[in-house]
Q: 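Got a structure for you, written out below as structure tokens; questions coming shortly.
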Amino acid sequence: MQKISKLGVLTSGGDAPGMNPCIRAVVRTAIYNGISVVGIRQGYKGLIENDMFEMGTRSVSNILNLGGTILKTARCMEFHTVEGREKAYKNLKDHDIDALVVIGGDGTFTGALKFSQQFPDVRVMGIPGTIDNDLYGSTYTLGFDTATNTVIDAIDKIRDTADSHDRLFFIEVMGRDSGAIALRAGIACGAEGILLPEKATAIDELIELLKKGEFNKKSSSIVIVAEGDKSGNIYDLAKKVKQQISNYDIKVTVLGHLQRGGAPSSFDRILGSRLGYAAVNALMSGHTQEMVGLEANVIKTTPIEEALTGHKFKLEDDLLQMVDVLSI
Ligand SMILES: Nc1ncnc2c1ncn2[C@@H]1O[C@H](COP(=O)(O)OP(=O)(O)OP(=O)(O)O)[C@@H](O)[C@H]1O
Ligand SMILES: O=P(O)(O)OC[C@H]1O[C@](O)(CO)[C@@H](O)[C@@H]1O
Ligand SMILES: [Mg+2]
């Protein structure tokens, strides 16, 4: 097996708290094992534009507690093309990089797999870094825990004012294709309703539920709507409900990008450290086209292809079933 002498590391897609502890672990594990490290700025964009720099052990000092990613990130259309990936390959070869660690979500992994199929001589290892928690092969992705805690903190505050005014709030959380944050935050905050992209929304059922809550003398109600829910725009949804429950004072809050920021939680710092360390060790053992993940508190690797397609629906059944029961 060919030894790795230099590896590149990048973060791609939406930033996620925990990416920095993970970068630190990748850099230090590699250097500890005699492998040089090149940081690539702005994900695949930096790879194509040759925006790279040598990283030493001190370049990752005191970043464990930082949100975002010191390597910066981007969404890069050019990497979707064969020509874009050729440019990226040429730059990697010019820097003598023989392995690549990509930290990102499902899109990042799709790009990594295509790149690696086109240029199999560069070993590629994926690390699940996305607040969306939408990859198979790791119970949790980096950033999901911190983002969910941020959302819970915000919804608790909204509950205070909702309760004081006897109001119904519709709260939009992130998740273009994933209801993971919505479901967890919904359980943790006692939401009366949770709308998810993975499930068809029955507006009539939601209205019945809210009416029941009113009848049961609930002083406030909260409906969490994941960004990608198929019932459409949250403001239109609130209007539709208002037409059916006219005596309820209804407000809408969109939490937006504050969900992606902030210092990583203890869980994400440790997860990032474990996954970064594991990714470098897996590459050194000859693995490629795989993702490192954590399941049942054990680090494992999963082929990227499986990580992308293994589970279409990852949301826990018991959480889905208990929503209506616990909010009566
Ligand atoms: N089908 C694809 N082919 C090649 N590259 C892709 C493909 N899909 C995504 N990528 C690359 O990966 C980048 C990141 O993907 P995307 O924007 O979907 O974010 P992500 O990694 O899923 O993270 P998140 O969902 O958390 O924001 C894209 O900007 C693009 O450069
Ligand atoms: O910051 P952007 O590019 O608008 O991305 C928003 C999207 O990124 C994610 O937050 C994942 O990082 C999705 O849940 C959301 O739909
Ligand atoms: Mg994604």
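Ligands are counted one by one from 1 in listed order, and the atoms in each one are counted from 1 as well. Only heavy atoms go into these numbers, but all of them, side chains included; no hydrogens, no water, no symmetry mates. Here the structure is a predicted model, which means the values were calculated and not measured.
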Q: Which protein heavy atom lies closest to atom 7 (C) of ligand 1, and at what distance to 0.1 Å?
A: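 Of every protein heavy atom, His80 CE1, 3.2 Å lies nearest to atom 7 (C) of ligand 1.
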
Q: Heavy atoms only: which of Arg75, Lys114, Lys45 is nearest to atom 3 (N) of ligand 1?
A: Lys114

Q: Check ligand 1 against Thr130 and write out every atom of the ligand that is under 4.0 Å from a heavy-atom position of the residue.
A: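 Matching atoms, with element in brackets: 24 (P), 26 (O).
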
Q: Could you establish whether Met77 and ligand 1 come within less than 4.0 Å of each other, counting only heavy atoms on the residue side?
A: no

Q: For His257 and ligand 2, answer yes if some heavy atom of the residue is under 4.0 Å from a ligand atom, otherwise no.
A: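 Heavy atoms of His257 do come under 4.0 Å of ligand 2.
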
Q: Name each donor-acceptor pair under 3.5 Å that joins a side chain in residues 276-283 to protein atoms two or more places apart or in another chain, with its distance.
A:
residue, atom, partner, partner atom, Å
Asn281, ND2, Tyr277, O, 3.0

Q: Quick one: does Gly175 get a heavy atom under 4.0 Å from ligand 2?
A: yes

Q: Does the Ser285 side chain pair with the main chain of His287, one donor and one acceptor, at a distance under 3.5 Å?
A: no

Q: Note the single closest protein heavy atom to atom 21 (O) of ligand 1, along with its residue, its atom name and the distance in Å.
A: Thr108 OG1, 2.5 Å

Q: Please report which non-hydrogen protein atom sits nearest to atom 13 (C) of ligand 1, along with the residue it belongs to and the distance in Å to one decimal place.
A: Ser12 OG, 3.6 Å

Q: Indicate, with yes or no, if Val225 and Ile158 share a hydrophobic cluster defined by side-chain heavy-atom contacts under 4.5 Å among Ile, Leu, Val, Met, Phe, Trp and Tyr.
A: no

Q: Evaluate Leu113 against Gln117 for side-chain contact (heavy atoms from CB on, under 4.5 Å), listing each step before the verdict.
A: CA-CA 6 Å; Leu113 187 59; Gln117 284 163 346; 3.6 Å; yes

Q: Nearest protein heavy atom to atom 25 (O) of ligand 1, by residue and atom, and its distance?
A: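 Answer for atom 25 (O) of ligand 1: Asp132 OD2, 3.4 Å.
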
Q: Looking only at protein heavy atoms, identify the closest one to atom 5 (N) of ligand 1 and say how far it is in Å.
A: Gly111 CA, 3.3 Å

Q: Going by the rule ring-ring contact (aromatic ring centres under 6.0 Å, His included), which residues pair with Tyr44 if we only count those two or more places apart in sequence or in a different chain?
A: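 So Tyr44 forms a ring-ring contact (aromatic ring centres under 6.0 Å, His included) with Phe79.
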
Q: Quick one: look at Arg176 and ligand 1, take heavy-atom pairs under 4.0 Å, and tell me if it's side chain, backbone, both or neither.
A: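 Looking at Arg176 and ligand 1, just side chain atoms fall under 4.0 Å.
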
Q: What is the ring orientation for Tyr89 with Phe119, classed by angle as parallel under 30°, tilted 30 to 60°, or perpendicular over 60°?
A: parallel

Q: Does only the side chain of Tyr44 get under 4.0 Å from ligand 1, or the backbone, or both, or neither? Count heavy atoms.
A: side chain

Q: Can you list the ligand 1 atoms lying under 4.0 Å from a non-hydrogen atom of Thr110?
A: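 So the answer, numbered in order with elements, is 1 (N), 2 (C).
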
Q: When you measure from atom 12 (O) of ligand 2 to every protein heavy atom, which one gives the shortest distance, and what is it?
A: Arg260 NH1, 3.3 Å

Q: Taking 2.8 Å as the limit, list every protein N, O or S atom around the Mg ion (ligand 3), by chain and residue number.
A: Asp106 OD1

Q: Is the closest N or O pair between Arg75 and ligand 2 shorter than 3.5 Å?
A: yes

Q: Just to verify, which of Val9, Val26, Ile23, Thr141 counts as forming a side chain to side chain contact (heavy atoms under 4.5 Å, CB included) with Ile127?
A: Val26

Q: Tell me the protein heavy atom at minimum distance from atom 22 (O) of ligand 1, and give that distance in Å.
A: Asp106 OD1, 2.5 Å

Q: With heavy-atom distances below 4.0 Å as the criterion, list the atoms of ligand 1 near Gly105.
A: 20 (P), 21 (O), 22 (O), 23 (O)

Q: Among all residues two or more places apart in sequence or in another chain, which pass the side chain to side chain donor-acceptor pair (under 3.5 Å) test with Asp94?
A: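 In terms of side chain to side chain donor-acceptor pair (under 3.5 Å), with neighbours along the sequence ignored, Asp94 is linked to Lys90.
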
Q: Considering both backbone and side-chain atoms of Thr130, is one of its nitrogen or oxygen atoms within less than 3.5 Å of a nitrogen or oxygen in ligand 2?
A: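 Min N/O separation from ligand 2 is not below 3.5 Å for Thr130.
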
Q: Using heavy atoms and a threshold below 4.0 Å, how should the contact between Ile131 and ligand 2 be classified: side chain, backbone, both, or neither?
A: side chain

Q: Looking only at non-hydrogen atoms, which of Gly107, Ala74, Cys76, Gly14 approaches atom 28 (C) of ligand 1 most closely?
A: Cys76

